[in-house]
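This structure is a prediction, so every number in the text was calculated from the model and none was measured. Reminder, nothing fancy here: chain letters follow the sequence lines and each chain counts from 1. Any value given below was found using the heavy atoms of this structure, including those in side chains, with hydrogens, waters and symmetry copies removed.
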2 protein chains.
Amino acid sequence: MKTLLLISHPDIDTSSTQQFFLASLPESEDITVHILDKEYEPGQIDVDREQALLMAHDRIVFQYPLYWYMTPPLMKEWLDVVLLNHFAYGAGGDKLAKKEWGTVVTAGNAEKEHHANGVVGFSMNEILIPMRATALRCGMDFIEPLVVYAFHQYEEEDKWRLLVRYQQYLTMENFTTLKDREKWLIQELGETDLSLLPEGAGPVLEQIIEGMEDRRDEIDELLLHTGRED
Amino acid sequence: MKTLLLISHPDIDTSSTQQFFLASLPESEDITVHILDKEYEPGQIDVDREQALLMAHDRIVFQYPLYWYMTPPLMKEWLDVVLLNHFAYGAGGDKLAKKEWGTVVTAGNAEKEHHANGVVGFSMNEILIPMRATALRCGMDFIEPLVVYAFHQYEEEDKWRLLVRYQQYLTMENFTTLKDREKWLIQELGETDLSLLPEGAGPVLEQIIEGMEDRRDEIDELLLHTGRED
């Protein structure tokens, strides 16, 4: 599976979340990192190049900060000029059909503020409706977004968990079931020298694996009794 | 009531809907027309000027085409750089509180496509959630949007009805009740020489008024019997 990571942030070099993500990127030939702000000025997007990039990948991940609940201006321009009639939708517009639409968004507010009674007043699912509708119109599969709420409040352990989730989000073929997530992590860790990771990473990852194994034991036991498989 | 009409369209000079709206503007000192694309290049928005404009008006109307269900890039940039912390929200950020947030959007698809089973897959209320959430965060009153679906299918009569609705949307202090709409229209027509209007306008407007009067008679009769007032 090939992943196109489309990033837009009006001030990417000083964004702590975007810098965290860039430092967390897995080394993989199957990931193309494409920072729109580094490639283009407004009004200069190369439509042919962008459409060719889209066609060469299976999962398109839109990574951006949710200022005023929408994409940054340059990413909106990208949507407008690249996802054209007869290419992305309309007659003959099936070039993106069946590809996956991924979303990595950062939100300044805490998760609990994202509902009817919170400061935001709407859920994240509701806020992302324009992107979901765009994916739908292009025949793409809108996969569950990876949302980072209030990154400035993250502890070291939260960051390591996020790193794992982010790498899974970009590389895992199917991350919707617990079993797949575990399989992926154990496989990745088998290829990782934990001593090379920054201080604090090793113990946290081991803790995550232990937690997964505990849950897995419980689940397996339940399945044994019910005769079902998940 | 002073209205600030904020327009953004990537190709305003050739847009038939935007040109229709511009030609339909009522002559009024209380309306400030502000076409972002004519004022600014990307990255050049004068924040102080824009904030002063906002503070000098009571109803802020965002007029734009709903390409990919969001604002055009330049309007998104405007939101990001003008609606700042300590001005529009956050500590001391009450400069827009109680002002009205209006929306005039054009959508290429028919109204019936805007629901779960249509091509769009979502209702217009859902699609506008990022704008509703922005208004909410700024303490503004998000008034019912004026949505123009599939303008290219409009007949002459539809256009005249839209003209009336548009003028009401920009100038009427309270357009949520039928009674107010009628009062406004009758008052406006009193000051209008129908013979000066383009061909087709006069009969249509008269028809609208007749329809309103019929409904009003019925409603008044009902109210008489129930003893209630609307």
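To the nearest 0.5 angstrom, F122(B) atom CZ is 10.5 Å from E126(A) atom CD. Summarising the geometry, atom CD belonging to E41(A) is positioned 11.5 Å from atom CD belonging to E41(B); distances are rounded to the nearest 0.5 Å. Residue E77(B) holds its CD atom at 13.5 Å from NZ of K76(A), rounded to the nearest 0.5 Å. To the nearest 0.5 Å, atom CH2 of residue W68(A) and atom CG of residue L79(B) are 8.5 Å apart.
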Given I129(B) and Y69(A), is the side chain to side chain contact (heavy atoms under 4.5 Å, CB included) satisfied, shown in steps? CA-CA 9 Å; I129(B) 280 175; Y69(A) 317 118; over 6 Å; no

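Among residues 5-21 of chain B, no residue has any heavy atom closer than 4.5 Å to a heavy atom of chain A.
When heavy atoms are compared at a cutoff of 4.5 Å, Y67(A) approaches chain B by way of both its backbone and its side chain. The contact between N109(A) and chain B is made entirely by side chain atoms (from C-beta outward), counting heavy-atom distances below 4.5 Å. Both the backbone and the side chain of I127(A) come within contact range of chain B, judged by heavy atoms closer than 4.5 Å. Residue contact with chain B, scored on non-hydrogen atoms closer than 4.5 Å, involves the backbone and the side chain of L83(A) alike. Interface remark: L136(B) contributes side-chain atoms only to the contact with chain A (heavy atom separation under 4.5 Å).
Between chain A and the options L74(B), V119(B), L66(B), the largest number of non-hydrogen pairs under 4.5 Å is found for V119(B).
Annotation: side chain of P42(B) is not in contact with side chain of P73(A) (no heavy-atom distance under 4.5 Å).
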